[in-house]
Structures are given as structure tokens and as C-alpha cells.
Amino acid sequence: MLTHVGHDVRAVAAAGEAIEHCRTAPPDVVLVDVALCHDAGPEELLTALKGDPQAYRSAVVLLERPDLDLDAAVAALRRGVQDFLVEPVGDAELVARVEAAGRTKVLQEELVVQSERLEAMLFEDPLTKLSNRRSILTQLAAAVSAARRHERALSVAIVDIDHFKYVNDEHGHAAGDRVLAAVANSMRQHLRAEDQLGRLGGEEFLALLPDADAHAAATAAEKLRTAVAALAVHHDGGELAVTISAGWAAWDGESPEELLRRADEALYEAKRGGRDRVEGAPATVQRRT
């Protein structure tokens with residue numbers, strides 16, 4: 001086997017050694033000489049390469065015997081082989097095919113990066129790096145569906161930054177952006193791994209709390225409030241104190257829109273009660289099975 005990284009070519013005789021090399025330093029292209037596959041067949045070698053979380057990134061080119069089994073070669077292409085050559089093959093063609101496979105690999109990686117960027121644009125809030133409104137509301141609908149299907153608890157909390165307009169008016173939008181990012185980061189750190197957090201818009205956030213009943217929701221919302229109250233956002237040599245108000249609601253069998261409406265009403269009560277506080281929404285409907 002030959003492994004190719006840029007202009008560096010390394011020959012590796014044993015299949016196990018070659019796979020280990022691909023794991024530790026994934027090459028651009030792996031050239032597999034079928035005639036030299038003594039300790040592992042081509043199919044076994046290909047399965048090991050394409051099944052490895054690191055080695056699979058390498059493009060694979062097969063160097064086949066003159067008695068090539070065309071069906072086997074086509075099957076190899078479908079399993080991820082980039083190209084194959086049939087002996088005898090000249091050095092110039094061999095180098096050209098390997099370089100072409102390397103260029104294709106680079107293009108594929110660029111497509112992956114562009115796809116990830118596009119996905120981030122569609123689903124991620126660029127300032128806070130949280131789920132954007134569309135994404136978090138889609139997740140809410142899925143969470144309600146899962147809670148209904150599996151008869152599990154679910155709660156949500158809507159969080160609003162207190163006096164945010166004052167921050168923007170008195171300190172500028174750059175300060176407001178720092179506050180938003182700091183609050184988002186603090187809340188993300190104080191939620192469970194299974195919880196979801198998104199920005200609904202402006203200074204308002206939505207937390208999805210799966211498997212959380214009313215008591216757990218109240219505890220989680222209070223934890224967020226306490227964490228944000230401890231923040232000190234630096235701006236112009238000083239510090240900006242930040243607080244939040246939160247309204248939570250435990251799912252009681254209703255639609256995602258109704259659950260969100262109850263949490264929003266609880267948030268309004270927290271605002272009306274003086275801000276920097278948490279309020280919960282009473283259950284209003286019977287759970288449906």
C-alpha cells in the first residue's frame with residue numbers, strides 16, 4: 001500500500017500497519033496494490049479504511065491485477081473507492097490518477113465545510129451561537145411530539161433580559177451584543193446536556209427541558225436566573241450588571257403553541273412582579289394520552 005500526503009509518499013507493506021498509519025496521520029490518498037494484499041483481502045482492507053472515524057477521510061485508489069473482476073471493481077467504487085487502475089500501468093498515469101484523487105478529496109472537504117456553514121446560517125443565531133428562532137421552535141414541536149408519544153415530562157422556560165433597551169440606549173449596541181452573548185453563554189453552561197437553548201429574537205430566549213416536571217422546571221429556571229445575576233459584563237472599563245426574568249410551563253398535553261403561550265404569560269407575571277424573578281404557569285388542561 002502507498003499512502004500519499006501532498007508530495008510525501010510512504011510505502012507500507014502490511015495492511016494493519018497501513019491502517020494504523022491512516023488513523024494517526026490521515027493521508028490525502030491511499031493507493032492499494034491488490035497483488036500485495038497478503039495479510040488482508042481488498043474488501044477487508046477497504047472495510048477497515050472506510051469504517052474508521054479517521055482513515056475514512058482518505059481517498060482510495062485500487063491497483064488491480066490484469067484479470068480484473070469488473071463487477072468487484074464496480075462494487076468497490078460504490079463502497080467508496082475513488083478510482084482504480086489495471087496493471088500494467090505507467091508511472092505517469094499512476095501519479096496522475098493519484099493526484100486527481102487527491103484533488104477530488106480536497107473538493108469534497110470544501111463542500112462539507114460549505115455545507116456546515118450553510119447549516120449554521122439556517123439554524124444558528126450568529127451572535128449567540130444558539131439555535132435561532134426557526135430551529136428552536138422546530139425542536140419544541142419535536143419535543144412535544146416525543147413527550148406525547150412516550151408519555152414523558154417536558155417543560156419550557158422563556159427568558160428575557162431585564163432593561164435591555166436601556167443597555168442599548170445608554171451604552172450602545174456593541175454593549176448590548178456583549179450582554180446577549182454573555183447571557184447566552186452563562187445559561188448554556190447551567191443547563192443539562194439534554195436541554196436545548198435558543199434565541200427567540202431580541203433579548204428573549206427559549207429553553208427546552210425534556211423529562212423535567214414542574215419542580216424541575218422551577219429549579220432550572222431559578223438556576224439560570226442566579227447564574228446570570230452573578231455576571232459582570234465588561235464594557236468601556238466598567239462592568240454592566242445583568243438580570244433576567246423567566247417564565248416556565250410544564251407540558252400538560254397541549255400543543256407547542258399553547259405551551260409556549262403559558263410560559264410567555266408566566267414571563268409577563270415575572271416582569272410585572274418586579275423583574276429578576278421566576279414565575280411558573282399553572283396547568284390549564286388535562287394531559288391527553
Side-chain angles (χ1 to χ4, degrees), residues 112 114-162 164 180-181 183-225 227-228 244-272 277-289:
V112 170
Q114 291 178 8
S115 177
E116 291 173 346
R117 288 174 180 168
L118 179 59
E119 184 176 357
M121 291 174 62
L122 290 174
F123 302 110
E124 183 182 278
D125 175 61
L127 176 62
T128 62
K129 306 305 179 184
L130 300 178
S131 297
N132 61 19
R133 180 182 180 88
R134 174 192 297 178
S135 178
I136 196 65
L137 291 181
T138 299
Q139 292 173 64
L140 169 63
V144 168
S145 178
R148 179 176 287 115
R149 183 168 60 253
H150 301 295
E151 298 185 353
R152 304 291 292 269
L154 169 68
S155 294
V156 302
I158 299 181
V159 175
D160 188 88
I161 300 175
D162 297 327
F164 186 71
L180 285 167
V183 168
N185 185 56
S186 176
M187 291 195 297
R188 182 165 40 202
Q189 291 180 2
H190 288 84
L191 288 171
R192 301 170 302 172
E194 62 267 33
D195 298 333
Q196 300 295 326
L197 182 64
R199 184 183 178 190
L200 287 175
E203 66 271 30
E204 199 168 66
F205 302 86
L206 173 63
L208 308 182
L209 311 170
D211 294 319
D213 57 15
H215 175 74
T219 300
E222 179 60 26
K223 187 176 182 181
L224 296 181
R225 187 201 65 80
V228 173
I244 59 172
S245 298
W248 60 263
W251 182 66
D252 202 32
E254 74 269 53
S255 68
E257 295 77 15
E258 179 63 18
L259 176 60
L260 205 61
R261 184 192 64 78
R262 291 200 296 117
D264 194 53
E265 289 181 352
L267 172 63
Y268 176 76
E269 290 300 319
K271 291 284 189 180
R272 191 169 65 174
R277 58 186 293 132
V278 170
E279 292 288 348
T284 57
V285 298
Q286 294 298 315
R287 179 178 295 277
R288 292 190 289 269
T289 59

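The structure presented is a predicted model; accordingly, all values stated were derived computationally and were not measured.
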Enquirer: Heavy atoms, side chains only, cut-off 4.5 Å: are E204 and L267 in contact?
Expert: yes

Enquirer: Looking only at heavy atoms, which two atoms of A217 and L209 are closest? And how far apart?
Expert: CA-CD1, 4.1 Å

Enquirer: Got a sec, which pairs hit side-chain hydrogen bond (donor to acceptor under 3.5 Å, both in side chains) with one end in residues 211-222, sequence neighbours left out?
Expert: R152-D211, E222-R225, E222-T226

Enquirer: Taking all heavy atoms of L154 and all of A147, pick out the closest pair and write down the distance.
Expert: CB-CB, 4.0 Å

Enquirer: Do you know which two heavy atoms are closest between A270 and A246, and how far apart they sit?
Expert: CB-O, 3.7 Å

Enquirer: Are E203 and L180 close enough that some pair of their side-chain heavy atoms sits under 4.5 Å apart?
Expert: yes

Enquirer: By salt bridge (charged side-chain N to carboxylate O under 4.0 Å, His left out), which residues pair with D264, not counting sequence neighbours?
Expert: none

Enquirer: Any side-chain heavy atom of I158 within less than 4.5 Å of one from F205?
Expert: no

Enquirer: Quick one: side-chain hydrogen bond (donor to acceptor under 3.5 Å, both in side chains) partners of R192, sequence neighbours excluded?
Expert: E194, D195

Enquirer: Can you name the side-chain contact (heavy atoms from CB on, under 4.5 Å) partners of R133, sequence neighbours left out?
Expert: L137, L200

Enquirer: In sequence, state the C-alpha distance, the side-chain angles, and the governing distance for L206 and V159, and then conclude on side chain to side chain contact (heavy atoms under 4.5 Å, CB included).
Expert: CA-CA 6 Å; L206 173 63; V159 175; over 6 Å; no

Enquirer: Taking only residues two or more places apart in sequence, or in another chain, which ones meet T128 in a side-chain hydrogen bond (donor to acceptor under 3.5 Å, both in side chains)?
Expert: D125

Enquirer: Could you tell me whether the side chains of D160 and S245 share a donor-acceptor contact shorter than 3.5 Å?
Expert: no

Enquirer: Can you list the residues that meet the side-chain hydrogen bond (donor to acceptor under 3.5 Å, both in side chains) rule with K223, with sequence neighbours excluded?
Expert: none

Enquirer: Please give me the minimum heavy-atom distance between E254 and R148, naming the atom from each residue.
Expert: O-NH2, 3.4 Å

Enquirer: Would you say that more than 12 heavy atoms from the other residues, nucleotides or ligands in this model lie under 6.0 Å from the CZ of F164, or not?
Expert: yes

Enquirer: Only counting residues at least two apart or in another chain, list the ones meeting salt bridge (charged side-chain N to carboxylate O under 4.0 Å, His left out) with E257.
Expert: none

Enquirer: Distance check, rounded to the nearest 0.5 Å: E265 atom CD versus L260 atom CG?
Expert: 11.0 Å

Enquirer: Does A218 have any side-chain contact (heavy atoms from CB on, under 4.5 Å) partners at least two apart in sequence or in another chain, and if so, which?
Expert: W248

Enquirer: Decide yes or no for L197 and L208: does some side-chain heavy atom of the first lie under 4.5 Å from some side-chain heavy atom of the second?
Expert: no

Enquirer: Quick check: closest heavy atoms across A281 and A249, and the distance to 0.1 Å?
Expert: CB-CB, 3.9 Å

Enquirer: With a 3.5 Å distance limit and no angle check, can you tell me whether R199 reaches the backbone of G202 through a side-chain donor-acceptor pair?
Expert: yes

Enquirer: Check whether any side-chain heavy atom of M187 lies under 4.5 Å from a side-chain heavy atom of V228, and answer yes or no.
Expert: yes

Enquirer: For G198 and I136, work out which heavy atoms get closest and say how close.
Expert: N-CD1, 3.7 Å

Enquirer: What distance do R262 atom CZ and W251 atom CH2 have between them, rounded to the nearest 0.5 Å?
Expert: 11.0 Å

Enquirer: Please identify each residue that fulfils salt bridge (charged side-chain N to carboxylate O under 4.0 Å, His left out) with R277, with sequence neighbours left out.
Expert: E279

Enquirer: For residues 139-146, dump all side-chain donor-acceptor pairs below 3.5 Å to protein atoms at least two apart in sequence or in another chain.
Expert:
residue : atom : partner : partner atom : Å
Q139    : NE2  : S131    : OG           : 3.0
Q139    : NE2  : S135    : O            : 3.3
Q139    : NE2  : S135    : OG           : 3.0
S145    : OG   : R149    : NH1          : 3.4

